[in-house]
Amino acid sequence: MVTPNQSQDITRPDPDLVAALARIGSATASGELAKLGVRSAHLVGPVSHTPGVATAGPALTLQFVPRREDLHAVDEYDNPDRQLHREVLYHVQPGDFVVVDARGSMTSGVFGEMMLTYFAGRGGAGVVIDGCIRDSGHAKQLGIGLWLRGVTPNFHTQTDVFPYAVNVPVACGGTLVMPGDIIVADDDGAVVVPIALAPRLLETAGEHAEWEEFSRLRLSEGGDLRRYYPLSDEARPEYEQWRAGQAAAQR
């Protein structure tokens, strides 16, 4: 039987940085990361099961592997010390995400109502699971974000996988997530922001969001798509004038 080792906690980024990334959203984060060299930051497969929730937070990670009974024959409630999916939750601090590589399993409920209630009680922001949860009706009432492949009535090790490691690099939706990376998630899905790129992303995304606000306004007024999206060189003086007016109005 595999006995879990003591798992390490993560280093958390500045909360102001995380909050600012939450405001830019997953689409802008994904597009700007592509310009910074990360072509595919989207965690493909998990989709929002809590429409309207848009948030961000540092990633605690949980890795599942294919079940082999000589290594893991523990039943649902047997020997909690061997239930490694519990270990990742012990690290949760307010605003954290838990990101789970469950190998895309559609028959294993990684967490259920009680585990997610604990997660919510510790202030967790959301979970991204390349797999399923169970007790989904109750889970949706907890006020946390849920990005999942689906739901199942099965418990976490009932069929084909079992939890093996906490706060290690994982492949969630085919995308690498390192412990401590920042997850930005909303109705479009979840994106991983490498922690080293987060400040630069915020800088470029802020510029992007500002000219998009101007362009959105002009397009809503019937402006020329070719002129305003993306912002053309011809429209830039108009944008700069608008931006100066916005700044003056905020003083």
Side-chain angles (χ1 to χ4, degrees), residues 2 4 7 26 43-67 69 72-167 170-173 177 179 183-190:
V2 171
S7 56
S26 67
L43 309 186
V44 179
V47 298
S48 175
H49 283 242
T50 46
V53 174
T55 188
L60 300 161
T61 64
L62 174 63
Q63 179 195 49
F64 276 69
V65 295
R67 184 171 182 181
E69 284 74 10
H72 192 91
V74 179
D75 205 349
E76 180 178 6
Y77 299 120
D78 289 349
N79 197 344
D81 287 342
R82 294 184 184 274
Q83 304 282 359
L84 195 55
H85 68 317
R86 303 165 67 100
E87 182 74 25
V88 70
L89 300 181
Y90 299 152
H91 293 293
V92 171
Q93 295 183 18
D96 284 352
F97 264 74
V98 169
V99 177
V100 185
D101 170 12
R103 301 182 57 82
S105 172
M106 299 301 292
T107 60
S108 297
V110 169
F111 300 121
E113 177 191 4
M114 302 305 285
M115 295 292 191
L116 290 171
T117 297
Y118 177 75
F119 175 78
R122 291 181 64 86
V127 298
V128 183
I129 302 176
D130 192 7
C132 298
I133 64 166
R134 64 176 184 169
D135 306 323
S136 60
H138 295 289
K140 290 175 183 178
Q141 307 304 313
L142 292 173
I144 59 175
L146 302 170
W147 288 266
L148 320 165
R149 276 194 182 267
V151 298
T152 177
N154 295 346
F155 63 84
H156 67 300
T157 57
Q158 188 166 334
T159 57
D160 55 351
V161 294
F162 75 99
Y164 186 77
V166 169
N167 286 339
V170 297
C172 185
V177 179
I183 303 299
V184 178
D186 52 30
D187 287 342
D188 285 347

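- Remark: T61 pairs with no residue by the side-chain hydrogen bond (donor to acceptor under 3.5 Å, both in side chains) rule, at least two apart or across chains.
- Annotation: side-chain hydrogen bond (donor to acceptor under 3.5 Å, both in side chains) contacts of H49 (sequence neighbours excluded): none.
- The shortest side-chain heavy-atom distance between P58 and D96 falls under the 4.5 Å cut-off.
- Atom NE2 of H91 and atom CG of L62 lie 10.5 Å apart (nearest 0.5 Å).
- Here the closest non-hydrogen pair linking V99 and L43 is CG1-CD1, 4.5 Å.
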Practice problem: Decide side-chain contact (heavy atoms from CB on, under 4.5 Å) for V98 and V92; before the verdict, give the C-alpha distance in whole Å, the side-chain angles of both, and the deciding distance to 0.1 Å. | Solution: CA-CA 8 Å; V98 169; V92 171; 4.2 Å; yes

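- Pairs passing the salt bridge (charged side-chain N to carboxylate O under 4.0 Å, His left out) check and including a residue from residues 117-132, sequence neighbours excluded, read D130-R149.
- Looking at T157 and P163, their side chains come closer than 4.5 Å, going by heavy atoms from C-beta outward.
- Annotation for A125 and G95: closest pair CB-O, 3.6 Å, computed over non-hydrogen atoms.
- Contact check for T107 versus D160: side-chain heavy atoms found under the 4.5 Å cut-off.
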Practice problem: Begin with the C-alpha distance, continue with both residues' side-chain angles, and end with the deciding distance and a verdict on side-chain contact (heavy atoms from CB on, under 4.5 Å) for Q158 and T152. | Solution: CA-CA 11 Å; Q158 188 166 334; T152 177; over 6 Å; no

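- Counting all heavy atoms, side chain and backbone alike, M106 lies closest to G150 at CE-CA, 4.0 Å.
- One distance of note links CD of E87 with CG of L89; it measures 9.5 Å at 0.5 Å rounding.
- Residues F97 and V127 have side chains not in contact (no heavy-atom distance under 4.5 Å, counting atoms from C-beta outward).
- Closest approach of L116 to A139, counting heavy atoms only: CD1-CB, 3.7 Å.
- Looking at residues two or more places apart in sequence or on another chain, you find no side-chain hydrogen bond (donor to acceptor under 3.5 Å, both in side chains) involving D188.
- Sorted by first and then second residue, the salt bridge (charged side-chain N to carboxylate O under 4.0 Å, His left out) pairs with a member in residues 101-119 form an empty list; sequence neighbours excluded.
- Atom OG of residue S108 and atom NE2 of residue H85 lie 11.0 Å apart, to the nearest 0.5 angstrom.
- Smallest separation of non-hydrogen atoms from T50 and I144: CG2-O, 3.5 Å.
- The stretch residues 102-133 participates, sequence neighbours left out, in no ring-ring contact (aromatic ring centres under 6.0 Å, His included) pair at all.
- A distance of 14.0 Å separates CZ of F64 from OH of Y164, quoted to the nearest 0.5 Å.
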Exercise. Would you please test V166 and L60 for side-chain contact (heavy atoms from CB on, under 4.5 Å) and show each step?
Key: CA-CA 8 Å; V166 169; L60 300 161; over 6 Å; no

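- Counting heavy atoms from C-beta on, the side chains of D186 and V53 never come closer than 4.5 Å.
- Rounding to the nearest 0.5 Å places OG of S136 at 10.0 Å from CD of Q141.
- In terms of heavy atoms, A59 sits closest to I183 at CB-CG1, 4.0 Å.
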